[in-house]
Engineer: 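Before I ask anything, here is the structure I am working with.
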Amino acid sequence: MIIAIDGPAASGKGTLAKRIAAHYGLHHLDTGQLYRAVARDTLAKGGDPADEAASLAAARALDPESLDDAALRGPKIGEAASFAARHPKVRETLRAYQRAFARRNPGAVIDGRDIGTVICPDADVKLFVTASPEERARRRYLELKQNGAKVTQDEVLDDIKTRDERDQNRAVAPLRQAEDAVLLDTTNLDIDAAFRAAIDIVDAAMGHAGQAG
Ligand code: CDP
């Protein structure tokens with residue numbers, strides 16, 4: 001079973017994906033971490049993520065064991081990741097790992113920008129999770145502040161808008177809702193309500209309506 005979850009920056013898809021995976025006993029992959037790690041490793045070598053050769057070298061050398069790194073969550077890395085993510089060869093290099101992950105037993109919940117459209121077009125269930133830019137900025141600001149980052153909510157909002165625009169307008173695998181994805185707008189839902197709504201969508205799609213809990 002494969003559940004694909006896409007959506008714009010800070011839409012809460014990562015938190016949601018983690019909980020959905022735990023609920024169904026599936027593996028979880030946050031593909032944003034792959035692009036963030038490529039940016040981290042490129043910058044660590046003094047390279048520029050906007051430079052294709054530098055990003056590609058980092059993508060080819062990427063160690064999946066290095067994804068569990070708190071340093072990946074910062075806004076600067078998110079911004080740098082969206083530059084690394086524009087290179088077709090970088091995306092191609094990361095594709096094999098993502099597809100192999102999707103084939104793991106008994107299944108996987110994978111979140112990102114192009115999971116339902118490019119990585120797993122045959123996913124059993126596709127969700128497109130979104131919320132208003134202001135609400136996403138509010139949530140990301142609280143998360144960053146909790147982790148000690150020195151940013152204002154306005155800066156976070158600007159970052160989110162710029163990154164969304166870059167992700168939506170790039171030539172390869174742009175952020176967009178797959179035709180067969182179900183839209184979940186969490187602007188007025190807290191995490192528990194969003195989780196219940198997501199479970200209802202998955203259960204309905206799998207023909208298991210009524211098993212939410
Ligand atoms: O957590 P947040 O929504 O802020 O971002 P993320 O999911 O960690 O992704 C960081 C950046 O990686 C995005 O802005 C995209 O440019 C890129 N990305 C991508 O191109 N394709 C994916 N499947 C996942 C992330």
Side-chain angles (χ1 to χ4, degrees), residues 2-18 28-43 49-50 52 55 58-59 62 64 67-99 101-102 108-121 123 126-133 135-144 147 149 151 155-178 181 186 191 194:
I2 299 175
I3 302 176
I5 305 185
D6 291 302
S11 55
K13 59 198 179 316
T15 310
L16 215 46
K18 207 177 289 172
H28 169 231
L29 177 65
D30 173 353
T31 62
Q33 294 290 92
L34 297 171
Y35 294 93
R36 285 173 182 263
V38 167
R40 172 199 60 197
D41 297 349
T42 304
L43 293 168
E52 177 157 36
S55 282
L62 187 68
L67 299 180
D68 190 13
D69 173 5
L72 293 181
R73 296 314 309 164
K76 289 211 174 75
I77 292 288
E79 170 81 2
S82 71
F83 280 99
R86 293 211 295 200
H87 308 304
K89 285 182 185 155
V90 168
R91 305 198 69 86
E92 200 182 299
T93 302
L94 300 179
R95 199 184 301 152
Y97 176 77
Q98 297 174 74
R99 289 203 174 139
F101 193 99
V109 181
I110 308 199
D111 72 90
R113 300 290 186 288
D114 62 340
I115 309 306
T117 51
V118 176
I119 301 296
C120 302
K126 297 180 186 178
L127 289 177
F128 194 83
V129 181
T130 189
S132 71
E135 176 59 19
R136 289 187 280 128
R138 192 187 66 82
R139 294 177 192 164
R140 179 56 52 91
Y141 169 69
L142 291 177
E143 178 192 333
L144 290 170
N147 294 333
V151 282
E155 285 167 352
V156 176
L157 180 59
D158 277 352
D159 167 63
I160 280 176
K161 285 183 172 168
T162 314
R163 208 143 54 83
D164 283 351
E165 201 176 292
R166 196 176 298 124
D167 290 345
Q168 281 158 355
N169 294 313
R170 69 181 171 223
V172 279
L175 165 68
R176 65 174 178 82
Q177 182 178 346
T186 69
I191 180 62

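This structure is a prediction, so every number in the text was calculated from the model and none was measured. Throughout, numbering of the chain's residues begins at 1 and tracks the sequence. One-based numbering, in listed order, for ligands and for the atoms of each.
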Engineer: Quick check on contacts: which atoms of ligand 1 are under 4.0 angstrom from a heavy atom of D167?
Structural biologist: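 Counting from 1, the qualifying ligand atoms are 13 (C), 14 (O), 15 (C), 16 (O).
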Engineer: With a 4.0 Å cut-off on N to O distance, would you call E135 and R138 a salt bridge?
Structural biologist: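 Result for this pair is yes, salt bridge flagged.
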Engineer: Is there a side chain to side chain contact (heavy atoms under 4.5 Å, CB included) between D111 and I3? Walk through the geometry before answering.
Structural biologist: CA-CA 8 Å; D111 72 90; I3 302 176; over 6 Å; no
Engineer: Do any N/O atoms on A10 end up under 3.5 angstrom from N/O atoms on ligand 1?
Structural biologist: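 Right, the criterion is met.
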Engineer: Answer yes or no: does an N/O atom from R36 fall short of 3.5 Å to an N/O atom of ligand 1?
Structural biologist: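 Yes, there is a polar N/O contact under 3.5 Å.
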Engineer: What are the two closest heavy atoms between R86 and V172, and how far apart are they?
Structural biologist: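 In this case the closest contact between R86 and V172 is O-CG2, 3.6 Å.
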Engineer: Do Q168 and R113 get their side chains close enough for a donor-acceptor pair, meaning under 3.5 Å?
Structural biologist: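 R113 and Q168 do not have a side-chain donor-acceptor pair below 3.5 Å.
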Engineer: So, for A71 and I77, which heavy atoms are closest and what is the spacing to 0.1 Å?
Structural biologist: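 Shortest heavy-atom separation between A71 and I77 comes out as O-CG1, 3.7 Å.
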Engineer: What residue and atom, counting heavy atoms only, is the protein's closest point to atom 7 (O) of ligand 1, and at what distance?
Structural biologist: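 Nearest protein contact, heavy atoms only, for atom 7 (O) of ligand 1 is R113 NH1, 3.0 Å.
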Engineer: Any idea which heavy atoms bring D69 and R40 closest together, and the distance?
Structural biologist: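 Smallest interatomic distance, heavy atoms only, reads OD2-NH1, 2.8 Å.
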Engineer: Output yes when E143 and R140 qualify as a salt bridge under the 4.0 Å nitrogen-oxygen rule, no when they do not.
Structural biologist: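 Looking at E143 and R140, the cut-off is met.
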Engineer: Of all the atoms in ligand 1, which lie at a distance below 4.0 Å from a heavy atom belonging to S82?
Structural biologist: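 Close to S82: 14 (O), 16 (O).
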Engineer: Looking only at distances, can you tell me whether any N or O atom of S11, backbone or side chain, sits closer than 3.5 Å to an N or O atom of ligand 1?
Structural biologist: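 Min N/O separation from ligand 1 is not below 3.5 Å for S11.
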Engineer: Regarding S82 and R163, do their side chains bring together a donor and an acceptor under 3.5 Å, going by distance alone?
Structural biologist: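 On atom types as modelled, these side chains do not qualify, holding no pair under 3.5 Å.
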Engineer: Work out which heavy atom in K126 is nearest to a heavy atom in P121; give both atom names and the distance.
Structural biologist: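 Heavy atoms of K126 and P121 come nearest at NZ-O, 2.8 Å.
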Engineer: Considering only heavy atoms of A85, which atoms of ligand 1 have at least one such atom less than 4.0 Å away?
Structural biologist: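 Answer, ordered by atom number: 16 (O), 17 (C), 20 (O).
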Engineer: Heavy atoms only, cut-off 4.0 Å: how does R170 contact ligand 1, side chain, backbone, both, or neither?
Structural biologist: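 Side chain only; the backbone of R170 stays clear of ligand 1.
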Engineer: Once you restrict to heavy atoms under 4.0 Å, what part of R91 touches ligand 1? Side chain, backbone, both or neither.
Structural biologist: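 Under 4.0 Å from ligand 1, R91 contributes side-chain atoms alone.
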Engineer: I'd like to check whether Y35 has a polar contact with ligand 1, where a contact means an N/O of the residue lying under 3.5 Å from an N/O of the ligand.
Structural biologist: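 No, there is no polar N/O contact under 3.5 Å.
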Engineer: For R140 and ligand 1, does the shortest N/O to N/O distance drop below 3.5 Å?
Structural biologist: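 There is such a contact, yes.
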Engineer: Under a 4.0 Å heavy-atom limit, does R163 contact ligand 1 with its side chain, its backbone, both, or neither?
Structural biologist: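 Just the side chain.
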Engineer: Could you tell me whether ligand 1 has any atom less than 4.0 Å away from a heavy atom of K13?
Structural biologist: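 A heavy atom of K13 does come that close to ligand 1.
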Engineer: Would you kindly specify which portion of R73 sits under 4.0 Å from ligand 1, judged on non-hydrogen atoms: side chain, backbone, both or neither?
Structural biologist: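 Contact part for R73 vs ligand 1: side chain (C-beta onward).
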Engineer: Which heavy atom of R91 sits nearest to which heavy atom of D114, and what is that distance?
Structural biologist: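 Closest approach of R91 to D114: NH2-OD2, 3.0 Å.
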Engineer: Please indicate whether any nitrogen or oxygen in T31 is less than 3.5 Å from any nitrogen or oxygen in ligand 1.
Structural biologist: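 The answer is yes, given that T31 and ligand 1 share an N or O pair closer than 3.5 Å.
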